[in-house]
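Keep in mind it's a predicted model, so treat the numbers as computed, not measured. In what follows, chains are A, B, ... by sequence order, proteins preceding strands, each numbered from 1.
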Amino acid sequence: AQTVTQSQPEMSVQEAETVTLSCTYDTSENNYYLFWYKQPPSRQMILVIRQEAYKQQNATENRFSVNFQKAAKSFSLKISDSQLGDTAMYFCAFMKHEMDQAGTALIFGKGTTLSVSS
Amino acid sequence: NAGVTQTPKFQVLKTGQSMTLQCAQDMNHEYMSWYRQDPGMGLRLIHYSVGAGITDQGEVPNGYNVSRSTTEDFPLRLLSAAPSQTSVYFCASSYSSGRAVYEQYFGPGTRLTVT
(Lines give C-alpha, C1' and ligand atoms only; values in the text may rest on other atoms or scores of the structure.)
Protein backbone atom coordinates (compact mmCIF):
# COMPACT_ATOMS: atom_id res chain seq x y z
CA ALA A 1 0.00 0.00 0.00
CA GLN A 2 1.10 3.51 -0.72
CA THR A 3 1.45 6.21 1.90
CA VAL A 4 2.07 9.94 1.66
CA THR A 5 3.58 11.93 4.52
CA GLN A 6 3.58 15.68 4.96
CA SER A 7 5.63 16.42 8.04
CA GLN A 8 4.81 20.13 8.36
CA PRO A 9 1.26 20.70 9.66
CA GLU A 10 1.65 24.49 9.46
CA MET A 11 4.00 26.95 7.84
CA SER A 12 4.11 30.71 7.53
CA VAL A 13 5.94 33.02 5.17
CA GLN A 14 6.08 36.71 4.35
CA GLU A 15 4.92 38.08 1.04
CA ALA A 16 7.56 37.90 -1.71
CA GLU A 17 9.56 35.26 0.13
CA THR A 18 10.13 31.66 -0.92
CA VAL A 19 8.78 28.69 0.97
CA THR A 20 9.22 24.94 0.52
CA LEU A 21 6.64 22.37 1.56
CA SER A 22 7.84 18.82 2.16
CA CYS A 23 6.32 15.55 1.04
CA THR A 24 7.61 12.01 1.16
CA TYR A 25 5.87 8.90 -0.09
CA ASP A 26 6.28 5.19 0.07
CA THR A 27 5.51 2.87 -2.83
CA SER A 28 6.82 -0.19 -4.62
CA GLU A 29 5.29 0.99 -7.92
CA ASN A 30 7.47 2.21 -10.75
CA ASN A 31 4.84 4.08 -12.77
CA TYR A 32 2.97 6.76 -10.91
CA TYR A 33 2.08 10.43 -10.73
CA LEU A 34 2.54 12.94 -7.95
CA PHE A 35 0.45 16.04 -7.44
CA TRP A 36 0.19 19.10 -5.28
CA TYR A 37 -3.33 20.39 -4.69
CA LYS A 38 -4.24 23.70 -3.09
CA GLN A 39 -7.36 24.10 -0.96
CA PRO A 40 -8.18 27.73 -0.11
CA PRO A 41 -10.85 28.64 2.46
CA SER A 42 -13.48 28.20 -0.27
CA ARG A 43 -12.58 24.45 0.06
CA GLN A 44 -12.30 23.98 -3.71
CA MET A 45 -9.48 21.56 -4.59
CA ILE A 46 -7.21 23.19 -7.15
CA LEU A 47 -4.41 21.40 -8.95
CA VAL A 48 -1.13 23.27 -8.53
CA ILE A 49 1.36 21.00 -10.27
CA ARG A 50 1.85 17.39 -11.37
CA GLN A 51 4.88 15.21 -11.95
CA GLU A 52 5.14 11.96 -13.89
CA ALA A 53 7.52 9.55 -12.18
CA TYR A 54 9.20 8.57 -15.44
CA LYS A 55 10.24 12.17 -16.10
CA GLN A 56 13.52 13.19 -14.53
CA GLN A 57 12.95 16.89 -15.14
CA ASN A 58 11.24 18.70 -12.29
CA ALA A 59 7.87 20.21 -13.14
CA THR A 60 7.35 23.97 -12.95
CA GLU A 61 4.24 26.13 -13.21
CA ASN A 62 4.98 29.84 -12.98
CA ARG A 63 5.95 30.51 -9.33
CA PHE A 64 5.52 26.86 -8.35
CA SER A 65 8.17 24.21 -8.83
CA VAL A 66 8.90 20.80 -7.41
CA ASN A 67 12.01 18.97 -6.35
CA PHE A 68 11.33 15.36 -7.29
CA GLN A 69 13.83 12.87 -5.90
CA LYS A 70 12.60 9.46 -7.04
CA ALA A 71 15.20 7.37 -5.24
CA ALA A 72 14.59 9.20 -1.98
CA LYS A 73 10.80 9.18 -2.60
CA SER A 74 10.62 12.88 -1.95
CA PHE A 75 8.43 15.45 -3.69
CA SER A 76 8.70 18.97 -2.26
CA LEU A 77 6.88 22.07 -3.50
CA LYS A 78 8.64 25.40 -3.75
CA ILE A 79 6.58 28.58 -3.93
CA SER A 80 8.55 31.62 -5.06
CA ASP A 81 7.52 35.24 -4.57
CA SER A 82 4.73 34.21 -2.18
CA GLN A 83 1.46 36.10 -2.47
CA LEU A 84 -1.40 36.58 -0.03
CA GLY A 85 -3.57 34.48 -2.33
CA ASP A 86 -1.28 31.50 -1.74
CA THR A 87 -2.71 31.19 1.77
CA ALA A 88 -4.34 27.76 1.76
CA MET A 89 -3.95 24.16 2.76
CA TYR A 90 -1.66 22.23 0.42
CA PHE A 91 -2.00 18.52 -0.16
CA CYS A 92 0.55 16.21 -1.67
CA ALA A 93 -1.01 13.24 -3.48
CA PHE A 94 0.13 10.02 -5.14
CA MET A 95 -1.60 8.19 -7.97
CA LYS A 96 -0.57 4.81 -9.33
CA HIS A 97 -0.60 4.52 -13.11
CA GLU A 98 -2.44 1.49 -14.44
CA MET A 99 -2.37 0.98 -18.17
CA ASP A 100 -5.69 1.04 -19.98
CA GLN A 101 -7.50 2.26 -16.91
CA ALA A 102 -9.23 5.62 -16.81
CA GLY A 103 -7.84 6.51 -13.44
CA THR A 104 -6.91 5.25 -10.04
CA ALA A 105 -7.27 6.50 -6.50
CA LEU A 106 -5.41 9.49 -5.20
CA ILE A 107 -3.61 8.86 -1.93
CA PHE A 108 -3.35 12.11 0.00
CA GLY A 109 -1.08 13.38 2.71
CA LYS A 110 -2.66 15.10 5.71
CA GLY A 111 -1.89 18.54 4.38
CA THR A 112 0.16 21.61 5.27
CA THR A 113 -1.56 24.86 6.17
CA LEU A 114 0.36 27.75 4.63
CA SER A 115 -0.17 31.30 5.83
CA VAL A 116 1.23 34.20 3.82
CA SER A 117 1.39 37.52 5.63
CA SER A 118 2.12 41.06 4.47
CA ASN B 1 -18.59 22.91 -19.36
CA ALA B 2 -19.89 22.96 -15.80
CA GLY B 3 -17.16 20.50 -14.79
CA VAL B 4 -17.97 18.44 -11.68
CA THR B 5 -21.08 19.51 -9.81
CA GLN B 6 -22.27 18.36 -6.40
CA THR B 7 -25.54 18.88 -4.59
CA PRO B 8 -26.34 19.85 -1.94
CA LYS B 9 -23.56 22.13 -0.70
CA PHE B 10 -24.63 21.74 2.92
CA GLN B 11 -26.78 19.16 4.69
CA VAL B 12 -27.75 18.39 8.27
CA LEU B 13 -29.09 14.93 9.07
CA LYS B 14 -30.29 13.21 12.19
CA THR B 15 -28.74 9.91 13.21
CA GLY B 16 -30.39 7.06 11.33
CA GLN B 17 -31.64 9.11 8.39
CA SER B 18 -30.61 8.23 4.87
CA MET B 19 -29.76 10.53 1.99
CA THR B 20 -28.05 10.71 -1.38
CA LEU B 21 -25.27 13.08 -2.30
CA GLN B 22 -25.41 13.85 -5.99
CA CYS B 23 -22.41 14.15 -8.30
CA ALA B 24 -22.43 14.84 -12.02
CA GLN B 25 -19.79 15.66 -14.61
CA ASP B 26 -20.20 16.81 -18.20
CA MET B 27 -16.67 16.05 -19.42
CA ASN B 28 -17.34 12.44 -20.45
CA HIS B 29 -14.82 11.22 -17.90
CA GLU B 30 -14.67 7.49 -17.34
CA TYR B 31 -13.30 7.55 -13.81
CA MET B 32 -15.26 8.99 -10.89
CA SER B 33 -14.67 8.79 -7.18
CA TRP B 34 -15.86 9.95 -3.79
CA TYR B 35 -13.59 11.18 -1.00
CA ARG B 36 -14.26 12.38 2.50
CA GLN B 37 -12.18 15.03 4.23
CA ASP B 38 -11.85 15.10 7.98
CA PRO B 39 -9.73 17.54 10.01
CA GLY B 40 -6.12 16.38 10.18
CA MET B 41 -6.79 13.36 7.96
CA GLY B 42 -6.47 14.62 4.41
CA LEU B 43 -8.85 13.13 1.86
CA ARG B 44 -9.70 9.44 1.95
CA LEU B 45 -11.28 7.41 -0.83
CA ILE B 46 -14.76 6.00 -0.17
CA HIS B 47 -15.78 4.41 -3.50
CA TYR B 48 -14.77 4.75 -7.10
CA SER B 49 -15.93 3.77 -10.60
CA VAL B 50 -13.94 3.16 -13.77
CA GLY B 51 -17.00 3.31 -16.01
CA ALA B 52 -20.76 2.90 -16.16
CA GLY B 53 -21.84 -0.23 -14.34
CA ILE B 54 -18.48 -0.71 -12.58
CA THR B 55 -17.84 0.35 -8.99
CA ASP B 56 -15.43 -0.66 -6.27
CA GLN B 57 -14.60 0.13 -2.67
CA GLY B 58 -11.94 2.48 -1.48
CA GLU B 59 -10.29 2.92 1.90
CA VAL B 60 -13.39 3.85 3.96
CA PRO B 61 -16.50 2.32 2.29
CA ASN B 62 -18.53 1.26 5.33
CA GLY B 63 -21.91 2.95 5.60
CA TYR B 64 -21.93 4.13 1.99
CA ASN B 65 -23.33 2.79 -1.28
CA VAL B 66 -22.71 3.88 -4.85
CA SER B 67 -23.98 3.03 -8.31
CA ARG B 68 -22.99 4.19 -11.78
CA SER B 69 -25.80 3.79 -14.29
CA THR B 70 -24.53 6.54 -16.61
CA THR B 71 -21.14 8.03 -17.43
CA GLU B 72 -22.27 11.40 -16.09
CA ASP B 73 -23.66 10.58 -12.64
CA PHE B 74 -22.16 8.95 -9.57
CA PRO B 75 -24.41 9.33 -6.50
CA LEU B 76 -23.26 8.45 -2.98
CA ARG B 77 -25.87 7.03 -0.62
CA LEU B 78 -25.68 7.15 3.14
CA LEU B 79 -27.77 4.23 4.33
CA SER B 80 -28.23 5.14 8.01
CA ALA B 81 -26.34 8.31 8.95
CA ALA B 82 -24.07 8.27 11.98
CA PRO B 83 -22.23 11.15 13.69
CA SER B 84 -18.94 9.60 12.48
CA GLN B 85 -20.04 10.46 8.94
CA THR B 86 -19.91 14.17 9.67
CA SER B 87 -17.41 15.33 7.09
CA VAL B 88 -16.86 17.20 3.86
CA TYR B 89 -17.47 15.02 0.81
CA PHE B 90 -15.79 15.53 -2.54
CA CYS B 91 -16.58 13.95 -5.86
CA ALA B 92 -13.86 13.81 -8.52
CA SER B 93 -13.49 12.63 -12.10
CA SER B 94 -10.66 11.99 -14.52
CA TYR B 95 -9.87 10.34 -17.85
CA SER B 96 -6.98 8.74 -19.63
CA SER B 97 -5.67 9.16 -23.15
CA GLY B 98 -3.32 6.54 -24.43
CA ARG B 99 -0.52 6.16 -21.92
CA ALA B 100 -1.34 9.30 -19.97
CA VAL B 101 -3.70 9.57 -17.05
CA TYR B 102 -4.80 13.06 -16.31
CA GLU B 103 -5.41 14.79 -13.05
CA GLN B 104 -8.63 14.44 -11.14
CA TYR B 105 -11.09 17.31 -11.27
CA PHE B 106 -12.93 17.96 -8.02
CA GLY B 107 -16.41 19.18 -7.31
CA PRO B 108 -17.01 21.99 -4.79
CA GLY B 109 -17.76 19.59 -1.93
CA THR B 110 -20.71 18.88 0.36
CA ARG B 111 -20.47 19.65 4.06
CA LEU B 112 -22.52 17.07 5.94
CA THR B 113 -23.34 17.25 9.64
CA VAL B 114 -24.99 14.33 11.42
CA THR B 115 -26.49 15.10 14.81
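Closest of all the heavy-atom pairs between A/Tyr37 and B/Gln104 is OH-O, 2.9 Å.
Contacts with chain B were tallied for A/Met89, A/Glu52, A/Gln39; A/Gln39 has the most, counting heavy-atom pairs under 4.5 Å.
Residue contact with chain A, scored on non-hydrogen atoms closer than 4.5 Å, involves the backbone and the side chain of B/Leu43 alike. For a residue to count as touching a neighbouring chain, one of its non-hydrogen atoms must lie under 4.5 Å from one of that chain's; by this rule A/Gln6 does not touch chain B. Looking at A/Leu106, both its backbone and its side chain come within 4.5 Å of chain B, counting heavy atoms on both sides. Proximity to chain A involves both the backbone and the side chain of B/Arg111, based on heavy atoms less than 4.5 angstrom apart.
Residue B/Asp38 holds its CG atom at 11.0 Å from NZ of A/Lys110, rounded to the nearest 0.5 Å.
In this structure, the side chains of B/Gln37 and A/Phe91 come closer than 4.5 Å at one or more pairs of heavy atoms. A 4.5 Å side-chain heavy-atom check between A/Met45 and B/Tyr35 finds every atom pair outside the cut-off.
Note on A/Met95 and B/Tyr48: same hydrophobic cluster, where clusters join Ile, Leu, Val, Met, Phe, Trp and Tyr whose side-chain heavy atoms are under 4.5 Å apart, directly or indirectly. Under a hydrophobic-cluster definition in which Ile, Leu, Val, Met, Phe, Trp and Tyr are linked whenever side-chain heavy atoms come within less than 4.5 Å, directly or via other members, A/Tyr33 and A/Trp36 are assigned to different clusters. Two different hydrophobic clusters hold B/Met32 and A/Leu47 under the rule that ILVMFWY side chains link at heavy-atom gaps under 4.5 Å. Cluster membership for B/Leu76 and B/Val50, using ILVMFWY side-chain heavy atoms within less than 4.5 angstrom, is not shared.
When the shell of 6.0 Å around CD of A/Gln56 is examined, it contains 12 or fewer heavy atoms from other residues, nucleotides or ligands.
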Let me check something: any side-chain donor-acceptor pairs from residues 74-84 of chain A under 3.5 Å, sequence neighbours excluded? List them with distances.
from, atom 1, to, atom 2, distance (Å)
A/Ser82, OG, A/Glu17, O, 2.8

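Shown here are the side-chain hydrogen bond (donor to acceptor under 3.5 Å, both in side chains) partners of B/Thr71, two or more places apart in sequence or in another chain: there are none.
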